[in-house]
Q: 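Quick one: this structure, given as structure tokens, is what I'll be asking you about.
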Amino acid sequence: MASIYAFSALPCFSSSSTKPLLPTRTPALNLRSNVEYRVCSSWILKKNRRNLICRAEKEYKFPDPIPEFAEAETNKFRAHLTEKLLKKEELFGDSVDEVVEICTKILNEFLHSEYGGPGTLLVMPFIDMADTLNERGLPGGPQAARAAVKWAQKNVDNDWKQWNATSAS
């Protein structure tokens, strides 16, 4: 007699291990098969007598980056960051333009190579900004990276949605 596991607060265990395989499940009976199935989120685990087979039910593919969107977003970012950092001239001094150029270049590379819409905005480019500014001895690396990530969180995904909404119509 096999079991089908649905979502619950009980852990999902393999009979040969005490470690949970995936997040929690509740058992239900399937009387038609001698194979044990475990449904774990979007994954199905099929356990025959000795083998454990794991396959994705459905794989989501993020869209490829859009170069025109990346350019437009980079220009918006450059304008915002320049305005923001000029307000803190006592911290950045004469380095505002260099700081903005470094941050803009890093964001531009990310938008061209990795950003594929909501859910793909990563923290790494912003860490790279702070690290690069600190390595070059420029002032305000953490502050510039924080201003950049705050702007990106507020704008990039929303701008992507608007871009694709107007492109589709």
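Keep in mind that this is a model prediction, so the values were computed, not measured.
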Q: Are the side chains of W151 and L81 in touch, meaning some heavy atoms are under 4.5 Å apart?
A: no

Q: What about F77 and L122, same hydrophobic cluster or not, with Ile/Leu/Val/Met/Phe/Trp/Tyr joined at side-chain heavy-atom distances under 4.5 Å?
A: yes

Q: Any side-chain heavy atom of E68 within less than 4.5 Å of one from W163?
A: yes

Q: Picking from D64, T120, D157, what satisfies side-chain hydrogen bond (donor to acceptor under 3.5 Å, both in side chains) with Y115?
A: D157

Q: Measure the shortest side-chain to side-chain distance between C103 and T132 over non-hydrogen atoms and say whether it is less than 4.5 angstrom.
A: no

Q: Taking all non-hydrogen atoms of both residues into account, name the closest pair between P139 and S95 and its distance.
A: CD-OG, 3.7 Å

Q: Step by step, would you call N164 with F69 a side-chain contact (heavy atoms from CB on, under 4.5 Å)?
A: CA-CA 9 Å; N164 286 302; F69 171 78; over 6 Å; no

Q: Establish whether L91 and V96 are linked, either directly or via other cluster members, by ILVMFWY side-chain heavy-atom contacts under 4.5 Å.
A: yes

Q: Nearest 0.5 Å please: distance from the NE2 atom of H80 over to the CG atom of L85.
A: 8.0 Å

Q: My understanding is that only residues two or more places apart in sequence, or in another chain, count here; which of them pass salt bridge (Lys or Arg N to Asp or Glu O under 4.0 Å) with D159?
A: K76

Q: Answer yes or no: is there a side-chain heavy-atom contact under 4.5 Å between L107 and V156?
A: no

Q: Please name the pair of heavy atoms, one in A144 and one in L133, separated by the smallest distance, quoted to 0.1 Å.
A: CB-CD1, 3.8 Å

Q: For the pair Q143 and F92, evaluate side-chain contact (heavy atoms from CB on, under 4.5 Å) and give the outcome as yes or no after the intermediate values.
A: CA-CA 10 Å; Q143 292 84 353; F92 293 98; 4.2 Å; yes

Q: Less than 4.5 Å apart, any side-chain heavy atom of N155 and any of E73?
A: yes

Q: Using the rule that Ile, Leu, Val, Met, Phe, Trp and Tyr join whenever any side-chain heavy atoms are under 4.5 Å apart, tell me whether I127 and V149 fall into a single cluster.
A: no

Q: Taking side chain to side chain donor-acceptor pair (under 3.5 Å) as the cut-off, I'd like each qualifying pair that reaches into residues 97-110, sequence neighbours left out, listed once.
A: T74-N108, N108-H112

Q: Does L121 reach the side chain of F126, with side-chain heavy atoms less than 4.5 Å apart?
A: yes

